[in-house]
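Down below is the structure, laid out as structure tokens.
Quick note on labels: first sequence line is chain A, next is B, and so on, each numbered from 1.
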Protein chains: 2
Amino acid sequence: MQLKKYTDYGLRILMYLGAKEGAKESSNNRTEAPERLTTIKDICETFSLSSNHVNKVVHHLGRLQLIETRRGKNGGFFLAKAPNEIRLDYVIRQLEGDEPWIECHNPYCVALPACELNGIVARGKELFYDYLREFTLADLLKKRGQLQQIFSTAS
Amino acid sequence: MQLKKYTDYGLRILMYLGAKEGAKESSNNRTEAPERLTTIKDICETFSLSSNHVNKVVHHLGRLQLIETRRGKNGGFFLAKAPNEIRLDYVIRQLEGDEPWIECHNPYCVALPACELNGIVARGKELFYDYLREFTLADLLKKRGQLQQIFSTAS
DNA sequence: TCAAAGATACATGAATAATGCATATTATAA
DNA sequence: TTATAATATGCATTATTCATGTATCTTTGA
Ligand code: SF4
Ligand code: SF4
């Protein structure tokens, strides 16, 4: 019972991009690319991660339209939305995959027709996500200055 | 992000015992063993499970003092508490293991000193368990009659 | 036309959960 | 007292999923 690293990596990437964006004097036009784009290599060096894995997460975030990716030379990616428009429940649900937390079929459980448990767990799961729904990427950037310092210091 | 089968097996066992207990005219003395005790074999045949795995879960439930186990001939196990005293949050926390849902150390994440995420997820996890806390084994036995029928029919 | 970036597909490795096996221990009954 | 039926316990193996690696393709700017 633990979130996948994959999911956390996605959030780290968003935090990195959010913190960096805060660094410049905040362009209003968000689909305009900043000076130099963040690359997968940047992320890997900052967090000491495997580029292959990050590759996939970045791609996924792109498909979700949370970031915009640019291929080719001087390519990279940046936030496609304002931090306060990126809800944590959405990010985690999508990256994590939204499967039921308890598996009653496969193999089929005989108790299923009379079981109250799966409904209770499913409701609990929704409460978890309801709570996450109250937060956005902006909430993760409360200590933006400190994050910037960490990210710029980390090799 | 899914509960372990191990945990669900534990709940199935409790449901089985609870439904069976409802069958007889409810002895008040709960540490008194009923006529014939439920065995691991019974559980395995009912749910088509591996006896080794069930073995361990039964042992675990015994250590948690949710059931009382009896070794030797005519041994087996039965509920050590009334169903309404067995809270689901406790059962699931214990069987599942109460680790954090997001892993910030091991390997260490550079963002940790300035990260808001782990706290948010930890709080969401507690809300999940807070919800489960409202339910007991008795709530899982709402359809006791149907459960009894299922369990007696299942080979 | 080269090089630097992400996109994509597939293969491999690592971690953990699930299961299997063997044997010890205990309690009951014949 | 002995056979038997049950849980207890430790270790081995298998399966599944996650994480990571390798290779190649595509795009794009210089
Ligand atoms: S016991 Fe209930 S929750 Fe568990 S597998 Fe069976 S039907 Fe699903
Ligand atoms: S980003 Fe935050 S939550 Fe994720 S590992 Fe780092 S410190 Fe923990």
| query | Using a cut-off of 4.0 Å on non-hydrogen atoms, how would the nucleic acid contact of B:K41 be classed: base, sugar-phosphate, or nothing? | reply | nothing
| Contact class for A:H59 vs. all strands (heavy atom < 4.0 Å): base, sugar-phosphate, or nothing? |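 Result for A:H59 = sugar-phosphate.
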| query | Centres of the A:Y16 and A:F151 rings: under 6.0 Å? | reply |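 Distance test on ring centres: under 6.0 Å, yes.
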| query | Under 4.0 Å: is that the gap between some side-chain N or O of A:S50 and OP1 or OP2 of D:dA19? | reply | no
| In terms of the nearest nucleotide of DNA chain C, which residue is placed more toward the 5' end: A:N74 or A:T69? |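 Nearest nucleotide further toward 5': that of A:N74.
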| DNA chain C: 5'-proximal contact among B:Y6 and A:G76 (nearest heavy atom) |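 Its nearest nucleotide lies further toward 5', so the answer is A:G76.
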| remark: B:R71 has its side chain closest, among D:dT26, D:dA30, D:dA8, to D:dA8
Separation of atom [atom1] in [X] from atom [atom2] in [N], rounded to whole Å:
X	N	atom1	atom2	value
A:K56	C:dT8	NZ	C1'	10 Å
B:R36	D:dA5	CZ	P	13 Å
B:N52	D:dA12	CG	P	15 Å
B:H53	D:dT14	NE2	C1'	13 Å
B:L95	C:dA17	CG	P	13 Å
B:E103	C:dT16	CD	P	10 Å
B:N55	C:dA17	CG	P	19 Å
B:Y9	C:dT19	OH	P	4 Å

| request: Determine, for B:D42 against B:R36, whether the closest basic-nitrogen to carboxylate-oxygen distance falls under 4.0 angstrom. | output: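 Salt bridge flag = yes for B:R36 with B:D42.
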| message | If you assign B:G62 and A:S51 each to the DNA chain D nucleotide with the nearest heavy atom, which residue ends up on the more 5' nucleotide? | response |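 The residue mapped nearer the 5' terminus is B:G62.
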| field | Parallel, tilted or perpendicular: ring planes of A:F135 versus A:Y131, cut at 30 and 60 degrees | value |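 The rings of A:F135 and A:Y131 stand perpendicular, inter-plane angle above 60°.
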| request: Report yes if some heavy atom in the side chain of A:L11 is under 4.5 Å from a heavy atom in the side chain of A:I92; otherwise report no. | output: yes
| field | B:R12 side chain near B:L49 side chain, heavy-atom distance below 4.5 Å | value | yes
